Engineer: 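Before I ask anything, let me first share the structure, which is written out below as structure tokens.
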Amino acid sequence: MDFLGSTKANGMLTTFLSFSESSSYLMEPRFVSGLLHAVLLLVLFCSWVRGRNNGFGSVTERLKDKRGFVFKSVLFCSLVLSLLNLVLMSLSGFYWYESDWLDQEQLVSLLMFLLPTVSWGVLSVSLHRCSDYEQRKSPLFLRIWLAFYLLVSSYSLVVVDKRHVHLLVCDIVAFSGALLLCYVAFFKKAGGGNNNNNNSNGVLEEPLLNGDGRSDEATPYSRASLLSLLTFSWMGPLIEIGNKKPLDLEDVPQLHDSDSVVGLAPKFRTMLESSSDGGGGVTTFKLMKALFFSAQWDILVTAFYAFIYTVASYVGPALIDTFVQYLNGRRQYSNEGYVLVITFFLAKLVECLSQRHWFFGAQKAGFRMRSSLVAMVYEKSLTLSCHSKQGRTSGEIINIMSVDTTRIGNFSWHMHDPWMVLLQVGLALWILYRNLGLASVAALIATVLVMLVNFPFGRMQERFQEKLMEAKDNRMKSTSEILRNMRILKLQGWEMKFLSKVFDLRKSEEGWLKKYVYNSAVISFVFWGTPTLVSVSTFGACILLGIPLESGKILSALATFRILQEPIYNLPETISMVVQTKVSLDRIASYLCLDNLQPDVVETLPQGGSDIAVEVTNSTLSWDVSSESPTLKDINFKVLPGMKVAVCGTVGSGKSSLLSSILGEVPKLSGSLKVCGTKAYVAQSPWIQSGTIEENILFGKPMERERYEKVLEACSLSKDLEILSFGDQTVIGERGINLSGGQKQRIQIARALYQRADIYLFDDPFSAVDAHTGSHLFKVMKDGRISQAGKYIDILSSGTDFMELIGAHQEALAVVGSVDTNSASEKPALGGQEDAIGLDVKQESQDVKNDKPDTEETKRQLVQEEEREKGSVALDVYWKYITLAYGGALVPFIVLAQVLFQLLQIGSNYWMAWATPLSKDVEAPVNISTLMIVYVALAVGSSLCILVRATLLVTAGYKTATELFHKMHHCIFRSPMSFFDSTPSGRIMNRASTDQSAVDLIIPYEFGAVAITVIQLIGIIGVMSQVSWLVFLVFIPVVAASIWYQRYYIAAARELSRLVGVCKAPLIQHFAETISGSTTIRSFNQESRFRGDNMRLSDDFSRPKFYLAGAMEWLCFRLDMLSSLTFAFSLVFLISIPTGVIDPSLAGLAVTYGLNLNTLQAWLIWTLCNLENKIISVERMLQYASVPSEPPLVIESNRPEQSWPSLGEVDIHDLQVRYAPHMPLVLRGITCTFKGGLRTGIVGRTGSGKSTLIQTLFRIVEPSAGEIRIDGVNILTIGLHDLRLRLSIIPQDPTMFEGTVRSNLDPLEEYTDDQIWEALDKCQLGDEVRKKDLKLDSSVSENGENWSMGQRQLVCLGRVLLKRSKILVLDEATASVDTATDNLIQKTLREHFSDCTVITIAHRISSVIDSDMVLLLSNGIIEEYDSPVKLLENKSSSFAKLVAEYTSRSSSSFE
């Protein structure tokens, strides 16, 4: 074989010394290139002699930093060029020496290889050892040299003899390297990696000021040496730690700035803004363009690696024919076999290195894209207008942040596939043309036809994907809303109805999922059958064209088809990913195009620059700018510094909207709003962040202990903190789940007070709308206008609207008018304003009078760090997954189908190798028709097996996903309330979203990939062992070493994968909290701090992902090396045995299969590890599918009568309640009776047990001892729904669900429209609903945001009016309405529930003073229980003192 060719064969020159022809030699590109390298080497040597070893150093200064990605790429490029020239020089010298015709010309050629080898080697060393330089420009000489080098490389690429593949490859690599180096030298901007000062947009850079920047911190990756980078040895220390102990997040190194969102986000934002300068907002194309340019270097370098990998992978198929002929005895020169073995091995080495770095670089680019997009989506959520937010629910936005950004990041795996397919097909056709001539045209036609067939499937996939994502959005939106309001659903007995709603939404999703996976199965069948179709077409064309089929050429073609399988197998997934990514880009672009808050609503005056605090002039504002009736009309008022202003009005009159307008939240139609000074805002609906109480109060401000203590005292929080086990370090659950309503409000107020603001905006912060002492001015709202304004006395004397409100307040006070107000001076026993019921004691509650020592077990925070399994994933998890669908009945058939496919495929290849002659002068064993008939029959059989396998696999995967979804959701909905109190919804949402997606679309294929790869690997070893059983001598130890490496790796990788899952929930939770609290965040000007938190959480999520990717490549590199050694040993054995001992055709077949050995062995370990990483999603879902359930909903053997309860008498005997076995008693032996038909008021300070008593009545908490009987029936002996559906409750937090007015009042669909209208009229909402076009079908947005807080409470009243239960519980039922509406509600309840047992918990004395009985709880025991009249007669009673204080405080408002 003419491996390198000779210059004689090219007719270039006969002797180097011949003057007549030397001039032509001097024009040879390789000679010119050699001279160029000699000049460079000379200059570098002179520089070194002069002690300025910086010949190439200044180029590095133009990179981001010495250890940056670009620097490493240039270093790698130099090393590759040096090694490539060294290999070519070695092989040339060996070949010419063995051929006995090494002359002066060849010596000069060797010198032309030697000079680049040394030059690039010196440059590599120089780069590796260089320091940072101060020069900002590359030396003029270097730039001129690189320009010449690029020209010579281009010229060489054009004129090279295409018959000499080695020279072509060399010139392609040289040209690519020249392009890279010229780009760095001429176009790369100077400056270090930390030089972001020129970025005009400081918004996303602000977290650096919060100490989140780590610009000087070295990471294992950034400080790794060249050899460590090449072999991924920089991952060794972390993997070693993972083998010694389970990894925690603290063990995972930080990200370098170039990979951290702190550095990436500003760059991406700048790119996006520059691409959107032309206007028109963010489009999909502009977003894609910004993503490309923000990661262009990663993309270009990985493209280079992908190119090298593709070229190297085709070296083997190109040489198989030569190898078979060598084994057949046709040898072109001595030692040809060893040259072939070295070439095979080096090609495998280059293939391995380039693939590993391609994969790692692609994942790195994906992480960067995802982080940048998450930062942009988060930034948008902080500026989104309220109107835009109503159009996108929080569930949809969370899906965009969690699912769509991840999908775009994952596309980095496939971003080079489209052009690589063309390159791979082109190389394959070139090899086929060399072997089979014009028959390769048939292969091209068949390949193109298959690709054309793909287009309709691709369009179908895109449509199915869009619909699947829409259905998923709807399900996640509903799930999010349900989880937020699970307590209400449990109390009302509606949880199973809402579970059926989730199942219905999932059913719609499953419909699209089914179409998607079965379409994937068809695509899989088409493309797995493609290589067979191509081979049949090609061999058939050979027969028709009369091209002789020889075994060597056949095997070369088969090896080519096998490699061509990779892009064709991956094409369906690539198309699917392109489709999914396009959908995700569309969704993100449309989200980023939503309207932001108007920046000019409020004119902010400089502090001290005005003598007014707030001035509103002729302002008309509307939440919906397109609405004909604005929310606020003709608003005019001024507020001077130091004034206290009260805004009054009935429910829905626009009070909250007025405050929102001052915050700049309401779009302005006309007029002006001016604000001077800093603002602090307390929302009507408390917004509490997950974290400690201290963190919520400080809210980003530094701790000032003295001021902090004053604020706690002023907000009556000191007593609350005393009864909490951890004081102000108590971790608050999601949305303040473990605090009472009053505690949440007071923490909000404390947060505002601590800020030292100039302007305080309170939206009904005390729930009780008392007249605030010292108010200078009142503004009474009516229908969105200021109907009256002025001093209190002036408005009062004018009568009308304000008088109506005051009259309502005095009417409430009249009930307790007989109380002596002098007792107000006495210290109230209950202290401060009484709290709402909420969750006042919860797990943190302790009886401070018990004097029980705190143990580690009792002092346990409610919200724990998310639980994660440790160690290997239990086999039980795999078994449960496999057997979930049809008991695992399909699994044997899937395996059998794949085994048959493998046998038939091997059989067809074996048939072609055996039935074709070694050369044209040897007679074939069978005739051509028999050859093709048998081959086609085997090919068709293997394709049918693929169809069966693909169909059964997606069927089993679909069924398993469905079963797992239903099992987990049913278990979650049936779990006790304590589970939801201690589990942030982000954790549940993560399982319902990300983990469910993995189960739907990834894990079935991972299982399939493992089975397929194992069967293929066994097939390869079987074929190779047919040639030589000695393969096992190497294969067995290699397998043992591979297993050891895999076990060594998996310990760390498993924990890193779990950390990825654990670190995602806080990111989602923080995002969800930000969406719900964006108004509060903006009002405190805390956007930059929250961006910083988001970036920190985003990096915490990216860190384990980054090092998991590095660990995977660490393993795969070592496995590739081991399998390459196995393949090399097999080749050495084959060339060492005498000719004729082994059939060359079978040996060639073994080599054909052996070419895939390293890929398959690494792929097997990779898929095994990936499966173990992905199966964690199943493990996490199974965790929540085994949560202990509540008692049965219905006990058929003990169901109460239909009329129960008929009297409504509640008898409590020795009731003892604790929240967990290790916690103290909250209720300590309560015994009392609530008589049927009487009204009972329950009062008591925070932690006294009020809420616990109500929760026990509804069996939200189960008693530890004692019993509760209702009309003689022990409620512990009946089903939960039989109990809860017979009781009614108006909860503290008024809740409405997305849907319609009808579905909110009657979710169980039990009542007629007439009954619903009657209930609406009774609760004073009838007229409001009749105004709406759709009446009862009028829409209710998420959380009822398009209804005021008071209206939502009235809807809750409407529900109980519909239900008409004999027992009604009012849990702070009037906390969100004005006094007049409160009186109306009380009047309605007295009128319609006069014969019912009404149990009321409220801090408004007017709500309980007219009760028949009052129960006063203290520390879990009954302190007082009697009629209010008798209790008031005893001036020393705690209740009398409470009433006296309330009357004194309220009456003073009128003085």
Side-chain angles (χ1 to χ4, degrees), residues 69-70 72-77 79-81 83-84 157 165 168-180 183 229-230 232 288 291-292 295-318 346-369 408-431 451 560 562-575 577-578 581 1109-1110 1112-1113 1116-1117 1120 1155-1156 1158-1159 1162-1163 1166:
F69 184 68
V70 178
K72 293 168 184 171
S73 303
V74 175
L75 182 59
F76 181 71
C77 175
L79 190 68
V80 166
L81 288 169
L83 289 175
L84 182 62
L157 193 60
V165 182
L168 179 63
V169 171
C170 179
D171 288 331
I172 289 173
V173 174
F175 176 72
S176 304
L179 272 178
L180 172 66
Y183 171 77
L229 287 172
L230 283 175
F232 295 93
M288 196 162 53
L291 281 171
F292 172 79
Q296 61 179 330
W297 201 240
D298 295 321
I299 294 170
L300 292 174
V301 173
T302 52
F304 175 73
Y305 289 138
F307 175 81
I308 296 295
Y309 163 76
T310 304
V311 172
S313 65
Y314 276 91
V315 171
L346 287 176
K348 277 293 168 193
L349 189 63
V350 172
E351 179 187 335
C352 158
L353 274 170
S354 55
Q355 186 184 40
R356 299 279 62 87
H357 287 277
W358 163 29
F359 282 3
F360 181 68
Q363 289 182 82
K364 200 148 66 80
F367 300 155
R368 292 177 172 184
M369 291 180 190
I408 291 168
N410 290 341
F411 179 67
S412 61
W413 279 99
H414 306 272
M415 62 186 172
H416 299 306
D417 287 359
W419 65 262
M420 279 181 62
V421 167
L422 299 177
L423 176 64
Q424 287 167 316
V425 169
L427 287 171
L429 290 174
W430 174 72
I431 293 173
M451 291 182 175
T560 304
R562 285 179 67 82
I563 294 183
L564 196 57
Q565 280 179 352
E566 183 185 347
I568 293 178
Y569 288 173
N570 291 339
L571 201 54
E573 187 180 358
T574 301
I575 290 166
M577 282 303 300
V578 169
T581 305
M1112 178 65 75
E1113 300 310 325
C1116 288
F1117 173 78
D1120 277 350
L1155 283 171
N1156 278 349
N1158 70 313
T1159 305
W1163 182 248
W1166 194 92

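The analysis underlying the following values was restricted to heavy atoms, covering all of them including side chains, and did not include hydrogens, waters or symmetry mates. Along the sequence shown, the residues carry numbers beginning at 1. No experiment lies behind these values; they were computed from the predicted model shown.
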Engineer: Quick one: pull up CE in Met369 and CE in Met288 and give me the separation to the nearest 0.5 Å.
Structural biologist: 11.0 Å
Engineer: Applying side chain to side chain contact (heavy atoms under 4.5 Å, CB included), can you list everything that pairs with Ser354, at least two apart in sequence or on another chain?
Structural biologist: Ile308, Tyr309
Engineer: Just verifying a value: how many Å separate Thr302 OG1 and Leu300 CG, rounded to the nearest 0.5 Å?
Structural biologist: 7.5 Å
Engineer: Could you pull out the closest heavy-atom pair between Ala347 and Ala312, with the gap in Å?
Structural biologist: O-CB, 3.7 Å
Engineer: Can you see which heavy atom on His416 is nearest to which on Ala303, and at what distance?
Structural biologist: NE2-N, 3.3 Å
Engineer: Less than 4.5 Å apart, side chain to side chain, heavy atoms only: is that true for Trp358 and Phe307?
Structural biologist: no
Engineer: Can you confirm whether or not the ring centre of Phe359 sits under 6.0 Å from the ring centre of Trp413?
Structural biologist: yes
Engineer: Calculate, to the nearest 0.5 Å, the distance between atoms CZ and CG belonging to Phe411 and Asp417 respectively.
Structural biologist: 8.0 Å
Engineer: Does a side-chain heavy-atom distance below 4.5 Å link Arg356 with Tyr305?
Structural biologist: no
Engineer: Under the criterion side-chain contact (heavy atoms from CB on, under 4.5 Å), which of Gln355, Glu351, Lys348, Glu1113 is the partner of Asp1120?
Structural biologist: Gln355
Engineer: Give me the atom names and distance for the closest heavy-atom approach of Leu291 to Ile408.
Structural biologist: CD1-CG2, 4.0 Å
Engineer: Quick check for you: to the nearest 0.5 Å, what is the distance between Met415 atom CE and Thr581 atom OG1?
Structural biologist: 11.5 Å
Engineer: Output yes when a side-chain donor or acceptor of Ser313 lies under 3.5 Å from a complementary backbone atom of Thr310, and no otherwise.
Structural biologist: yes
Engineer: Considering non-hydrogen atoms only, spot the tightest contact between Leu353 and Phe1117 and give its length.
Structural biologist: CD2-CE1, 3.6 Å
Engineer: Is there a side-chain contact between Lys364 and Asp298, using heavy atoms and a 4.5 Å cut-off?
Structural biologist: yes
Engineer: For Phe232, enumerate each residue passing the ring pair (Phe, Tyr, Trp, His ring centres under 6.0 Å) test, keeping only those at least two apart in sequence or located in another chain.
Structural biologist: His357, Phe360
